[in-house]
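Let me begin by presenting the structure, written as structure tokens, before commenting on it.
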Amino acid sequence: MSERRARFETPSGIEVARLYAQGDVAPDPVRDLAVPGQFPFTRGVYPTMYRGRLWTMRQYAGFGTAEETNRRYRYLLEQGQTGLSVAFDLPTQMGYDSDHPMSHGEVGRVGVAIDTLEDMRRLFDGIPLEQVSVSMTINATAAVLLALYVALADERGIARDRLSGTVQNDVLKEYIARGTYIFPVEPSLRLVTDIFDFCAREVPRWNSISISGYHIREAGATAAQELAFTFADALEYVQRALGRGLALEAFAPRLSFFFAAHSDLFEEAAKFRAARRLWARLVRERFQGSDEACRLRFHTQTGGVTLTAQQPLNNVVRVAVQALAAVLGGTQSLHTNAYDEALALPTAASAKLALRTQQILAHESGVTETIDPLGGSYYVEALTRALEEKALGYLRRSDELGGAANAIEFFQEEIQRAAYAHQLAVERGERVIVGVNAFREEEGTPRIEQPDYPALEAAQTARLAQLRRHREGRTVARALATVREAARDGANLLPPMIEAVKAEATLGEISDVLREEWGVYRGAA
């Protein structure tokens, strides 16, 4: 009997055989698999994995105003969420205050607007920072947002060593795939290592970076490229930190990673298993890291680009499959997208359903009862090895180019090729997207409730104007001068930034000081 296609392959282009047998698994299973909690961590980073503790359940949220976002956080915590994840608007990501001309029309549109310490107070009003893990998706201005968060904790009398969470702080992927960069590459990497240094000394439970394959994948990369380019960036950060004089064991255990989960269940689960093994071997072979330094911990988010505006309820199923892949792959933290996010910001009801998806997986599916339930599957082990080998090929090319900071254009070109190939496959019907190029239905345009963005922007700019009128101008000027001095002389920028935000300097004012000192990134020559 003939088969449906002449060739079956994963989205990464790995050919899928008709049947897998014992000869297809790792040639040295003792070396390649080991046991959970032991190098190379293929089967999990902790000895008990979900039998000891479930993954952290996060829902990414940011809704224009700090008050509205705070309400959503409280609601999600009441529903059983165990960690918060903050989405910031574009002006905040790009270092502009809400009243800057560049911010007009963008305030609050893709996340919360944070200009000042007062905004941070309203964002986390009534939320115990010492009890909740907070992840902030922020890169070019990561140092300023971390400064605001630490300043708020100081104000509340919370010891810095009790704070836990993550600041994304992954600027290389901004140049590669996402675009919310500000400064040239070298000073941006200096800011990254300033955060490494500060967190190691002052905020030891804080993850100083979340090296993000997610946005690389969202730009069109394959699973293998996601692994390779993420780890190339990570290796660059490690080299920079070592060059700064930081000890590997002082910062490597606080590195965290952020991956996407797409819908090819087995390739995605295998990707996470390959990620742990590949990272462990890279750190051991290149830096002689201890087991703790080699341990890869990561957050996962279901694929935003996989959500469809057509037949949006289908996204409930997509998200469940993707979340299952992340759990089978051993993630430490998970965000599940709401089914309506291809249309607008998620409603409270759709966000709750996304959270319930995680809770059903955790408590009803049985997949948490044993560790690495796919381990030993001939197919999954073969995929794990194939993804690792394919990623290593890209990493060798990155090394030949001098590392990630010099390989930005190469990464961009490879992602563009992959995205184009995927789109062609969809248009030809070779890759089926249910409701988009198959099983389509005539649908009306859904009615989407949108916030009153002009009113939101007016209120935010009015708050800024009031702050500027009532703060002590000379104190602000002195604090900003100290930031400028640190930018010039190479001192760690976090301490003066914390003092500046306490003096009521704004995010935009601090960013402007750095623009004046360092300039801005204009793209590859």
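For reference, positions follow the sequence shown, starting with 1.
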Can you list the residues that meet the side chain to side chain contact (heavy atoms under 4.5 Å, CB included) rule with [X], with sequence neighbours excluded?
{"X": "Pro128", "result": "Glu130, Gln131, Val132"}
{"X": "Thr180", "result": "Leu90, Gln93, Met94, Glu174, Arg178"}
{"X": "Asp452", "result": "Pro454, Ala455"}
{"X": "Thr56", "result": "Arg53, Arg58, Thr82, Ser333"}

Which residues pass the side chain to side chain donor-acceptor pair (under 3.5 Å) test with [X], not counting sequence neighbours?
{"X": "Thr222", "answer": "none"}
{"X": "Asp197", "answer": "Arg201, Asn492"}
{"X": "Asn406", "answer": "none"}

Is there a side-chain contact (heavy atoms from CB on, under 4.5 Å) between Val327 and Leu334 once you walk through the steps? CA-CA 8 Å; Val327 172; Leu334 179 60; 4.3 Å; yes
About how many Å separate [atom2] of [Y] and [atom1] of [X], when rounded to the nearest 0.5 Å?
{"X": "Thr69", "Y": "Phe88", "atom1": "OG1", "atom2": "CZ", "value": "9.5 Å"}
{"X": "Asp170", "Y": "Ser188", "atom1": "CG", "atom2": "OG", "value": "11.5 Å"}
{"X": "Thr141", "Y": "Ile182", "atom1": "OG1", "atom2": "CD1", "value": "5.5 Å"}
{"X": "Leu507", "Y": "Asp115", "atom1": "CG", "atom2": "CG", "value": "7.0 Å"}
{"X": "Leu76", "Y": "Leu84", "atom1": "CG", "atom2": "CG", "value": "8.0 Å"}

Between the side chains of [Y] and [X], is the shortest nitrogen-to-carboxylate-oxygen separation below 4.0 Å, so that they form an ion pair?
{"X": "Glu509", "Y": "Arg471", "result": "yes"}
{"X": "Arg397", "Y": "Glu414", "result": "no"}
{"X": "Glu485", "Y": "Arg488", "result": "no"}
{"X": "Lys271", "Y": "Glu226", "result": "yes"}
{"X": "Arg286", "Y": "Asp399", "result": "yes"}
{"X": "Glu517", "Y": "Arg515", "result": "no"}
{"X": "Arg122", "Y": "Asp125", "result": "no"}

Between the side chain of [X] and the main-chain N/O of [Y], is any donor-acceptor distance below 3.5 Å?
{"X": "Arg254", "Y": "Ser208", "value": "no"}
{"X": "Arg469", "Y": "Leu464", "value": "no"}
{"X": "Asn337", "Y": "Thr302", "value": "yes"}
{"X": "His100", "Y": "Tyr96", "value": "no"}
{"X": "Asn315", "Y": "Arg318", "value": "no"}
{"X": "Glu202", "Y": "Arg160", "value": "no"}
{"X": "Glu236", "Y": "Ala404", "value": "yes"}

Set out, in order, the CA-CA distance, both residues' side-chain angles and the distance that settles side-chain contact (heavy atoms from CB on, under 4.5 Å) for Leu145 and Met120, then state yes or no. CA-CA 9 Å; Leu145 270 299; Met120 195 64 92; 3.8 Å; yes
Less than 4.5 Å apart, any side-chain heavy atom of [X] and any of [Y]?
{"X": "Arg71", "Y": "Arg74", "value": "no"}
{"X": "Leu163", "Y": "Leu129", "value": "yes"}
{"X": "Glu516", "Y": "Arg484", "value": "yes"}
{"X": "Asp291", "Y": "Arg284", "value": "yes"}
{"X": "Tyr50", "Y": "Thr331", "value": "yes"}
{"X": "Arg121", "Y": "Leu123", "value": "no"}
{"X": "Gln239", "Y": "Phe287", "value": "yes"}
{"X": "Ile158", "Y": "Leu152", "value": "no"}

Tell me yes or no: between the side chains of [X] and [Y], is some donor less than 3.5 Å from an acceptor?
{"X": "Asp97", "Y": "Thr506", "result": "yes"}
{"X": "Arg463", "Y": "Gln460", "result": "yes"}
{"X": "Thr116", "Y": "Glu504", "result": "no"}
{"X": "Gln359", "Y": "Arg356", "result": "yes"}
{"X": "Arg244", "Y": "Thr193", "result": "yes"}
{"X": "Asp89", "Y": "Thr92", "result": "yes"}

How about Tyr394 and Phe229: are their ring centres within less than 6.0 Å of each other? yes
For this output row, return yes or no: ring centroids of Trp279 and Phe257 closer than 6.0 angstrom. yes
Non-neighbouring partners of Tyr181 that pass ring pair (Phe, Tyr, Trp, His ring centres under 6.0 Å), sequence neighbours left out: Tyr175, Tyr521
By the side chain to side chain donor-acceptor pair (under 3.5 Å) test, which pairs, at least two apart or in different chains, include something from residues 101-111? His104-Glu457
Steps toward side-chain contact (heavy atoms from CB on, under 4.5 Å) verdict (Ile211, Gln168): CA-CA 7 Å; Ile211 305 160; Gln168 192 162 95; over 6 Å; no
Among pairs that include at least one residue of residues 180-190, which meet salt bridge (charged side-chain N to carboxylate O under 4.0 Å, His left out), considering only residues two or more places apart or in two chains? Glu186-Arg240, Arg190-Asp194
Residue pairs involving residues 232-252 (criterion ring-ring contact (aromatic ring centres under 6.0 Å, His included); sequence neighbours excluded): Phe196-Phe251
Going by ring-ring contact (aromatic ring centres under 6.0 Å, His included), name the pairs with one or both residues in residues 114-146, residues two or more places apart or in two chains. Phe124-Tyr149
Stepwise side-chain hydrogen bond (donor to acceptor under 3.5 Å, both in side chains) check, Thr166 with Asn207: CA-CA 5 Å; Thr166 304; Asn207 296 315; 3.0 Å; yes
Before giving the answer on salt bridge (charged side-chain N to carboxylate O under 4.0 Å, His left out), spell out for Glu155 and Lys502 the whole-Å C-alpha distance, their side-chain angles and the decisive distance to 0.1 Å. CA-CA 9 Å; Glu155 186 176 271; Lys502 287 180 178 179; over 6 Å; no
